[in-house]
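To start, the structure itself, in structure tokens.
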Amino acid sequence: MAFEQEEILQITSKIERWFTKSAREFPWRNDDFPWGRLVCEFMAQQTQIDRVAQRWPIMLQRFPEPSSMAKSDEQGVLELWQGLGYYRRAKNLKKTAEIIASEFGGEVPSDIESLLQLPGVGKYTAGAIASIAFEKHAPIVDANVHRVLCRLCNHAGDPTPSTWTWQISELLVTSCNSPQLFNEGLMELGATVCTSKSPSCDDCPLQSCCGASKENTQRDIPPPKKRATKKRVYHYSVVAEHEGELAFEQRNDSGLWAGMWQVPTIDSDVKLTEAQVRKKLNLKNKLISIGEFEHVLSHRIISFSVFACKIERDRRFSWVKQDSLHELPLASAQRKVLAVHCVT
DNA sequence: CTCCGGTTAC
DNA sequence: GTAACCGGAG
């Protein structure tokens, strides 16, 4: 795909003008600063923007700059991340804050090389921070940008961001006037106009130069991604009570729901009986079945079975009063477990 | 049950 | 390269 320089300037200026008048209101757009942008980009990875908009102000109020997060403990960050999913992002954000505090004098670095050293920062996030917070002419390709650029050039075949897309993004951002307006505008256009299904081409500032619009191929570009088949697994959770307190344990540092808390739970590839669950948890009293539900993730369907029992206060677990549960970082599936037991 | 989305670990 | 990682909305 070869653009004339003239076309490049047409495209970039159209997007910058369009974004200036069409940008949606978001809290981080009121006063953009590098740390706020970094937190926003971590939260927005794989997460829809409206949920980020709810959580971002709370996170920034609690951790207004990298040093305050660096000094806090990871639990506090996980607590504010509850329900957002992909909890490794919260752990990476905490580590990133520590590195910014210790290696970069408490200031978010502005160059791509430094940004890429931060855990949880890949090519997209580095480019987003460098361009949007620091007006560097750095390319970004997220799913929105990929879709817009593939359609603009009528480029079929790549289901996800590819070398091709990064080259086009680089070509355009190099010549744009404001990398902040251009890159954010490109993403905003993909999110609101050049949408995956039924794009609003009549409202698009690029309609006159869009290859897909001309050939009417928008529907097939980009092609759909292959989705993992869902494996069914079984989780057995026991709400264990002793004098108004519930037993909790922390999940592994890696894997599913990394570092989040749960009532004592057995993860299994196969179905287990009540006796097997009791034995694996080394519990004495019979477990009373109180409910079941399914929890669907991108790559698995989890059948949850929930049990209740009374047990002695056991040092293997952390004991939490029922009115203190909100202080504990819990993933959504564990909230469903507690809802079965009628505590929330 | 399908769709949507960046980074990292393997 | 590819699988793992999440949750809410449709």
Side-chain angles (χ1 to χ4, degrees), chain A residues 37-55 78 80-96 99 112 115-130 132 138-148 150 158-163 165-166 169 183 186-188 190-192 194-199 219 222-233 235 251-262 267 269 293-304 329-337 339:
Chain A
R37 172 56 57 174
L38 185 148
V39 173
C40 173
E41 293 299 342
F42 269 70
M43 289 185 137
Q45 292 167 5
Q46 308 297 94
T47 299
Q48 282 160 3
I49 205 67
D50 289 335
R51 276 190 294 149
V52 178
Q54 295 173 358
R55 299 302 195 84
L78 282 174
L80 296 190
W81 208 272
Q82 287 181 82
L84 284 176
Y86 291 102
Y87 298 97
R88 195 157 45 192
R89 295 179 297 166
K91 299 160 79 69
N92 284 337
L93 178 60
K94 171 68 165 73
K95 285 187 208 134
T96 280
I99 294 170
I112 296 285
L115 287 164
L116 284 173
Q117 293 171 20
L118 304 170
V121 176
K123 204 174 176 197
Y124 162 76
T125 306
I129 296 168
I132 297 171
I140 57 168
V141 181
D142 71 347
N144 289 313
V145 173
H146 178 69
R147 187 170 56 249
V148 172
C150 286
D158 290 338
T160 52
S162 59
T163 307
T165 333
W166 280 97
S169 176
N183 275 349
L186 206 51
M187 288 194 287
E188 190 85 348
T192 63
C194 191
T195 52
S196 186
K197 289 170 199 159
S198 51
R219 200 172 52 96
K225 298 169 269 295
K226 294 190 191 77
R227 303 224 172 250
T229 51
K230 291 176 166 60
K231 182 184 176 186
R232 180 174 290 277
V233 296
H235 286 198
R251 289 186 67 89
N252 272 5
D253 212 37
S254 62
L256 188 67
W257 298 310
M260 300 297 277
W261 290 76
Q262 62 186 11
D267 302 1
D269 285 347
F293 62 87
E294 286 195 339
H295 191 76
V296 183
L297 304 175
S298 60
H299 58 309
R300 62 184 76 168
I301 302 173
I302 306 176
S303 293
F304 264 89
L330 299 173
S332 294
Q334 280 297 309
R335 300 218 163 274
K336 291 188 196 172
V337 167

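In what follows, every chain begins at residue 1, and chains take the letters A, B, ... in the order their sequences are listed.
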> Can we say A:Asp267 and A:Arg251 salt-bridge, meaning some charged N sits less than 4.0 Å from an Asp/Glu carboxylate O?
Replying inline: yes
>> What range of DNA chain B does chain A touch, first nucleotide to last, counting atoms under 4.0 Å from its heavy atoms?
In response: B:dC1 to B:dT8
>> With a 3.5 Å distance limit and no angle check, can you tell me whether A:Arg37 reaches the backbone of A:Ile132 through a side-chain donor-acceptor pair?
In response: no
>> Over all strands shown, is A:Lys123 touching base, sugar-phosphate only, or nothing at heavy-atom distances under 4.0 angstrom?
In response: sugar-phosphate
>> Under 4.0 Å, counting only non-hydrogen atoms across every strand here, what does A:Pro119 touch: a base, just sugar-phosphate, or nothing?
In response: sugar-phosphate
>> Pair A:Glu294, A:Ile302 - check side-chain contact (heavy atoms from CB on, under 4.5 Å), show working.
In response: CA-CA 6 Å; A:Glu294 286 195 339; A:Ile302 306 176; over 6 Å; no
> Does a side chain donor of either A:Tyr124 or A:Glu41 reach within less than 3.5 Å of an acceptor in the other side chain?
Replying inline: yes
> Between the side chain of A:Ser162 and the main-chain N/O of A:Asp158, is any donor-acceptor distance below 3.5 Å?
Replying inline: no
> Sub-3.5 Å donor-acceptor pair from the side chain of A:Arg232 to the main-chain atoms of A:Arg300, do we have one?
Replying inline: no
> Just by protein heavy atoms under 4.0 Å, how would nucleotides 1-10 of chain C read 5' to 3' in B, S and -?
Replying inline: ---SBBBB--
> Looking at residues at least two apart in the chain, or sitting in another chain, which of them share a ring-ring contact (aromatic ring centres under 6.0 Å, His included) with A:Phe304?
Replying inline: A:His235, A:Phe293
> Heavy atoms under 4.0 Å, any strand shown: does A:Thr160 hit a base, just sugar-phosphate, or nothing?
Replying inline: nothing
>> Any side-chain to backbone donor/acceptor pair from A:Thr195 onto A:Ala191? Under 3.5 Å, distance only.
In response: no
> What does A:Asp50 touch in the nucleic acid at a heavy-atom separation under 4.0 angstrom: a base, only the sugar-phosphate, or nothing?
Replying inline: nothing
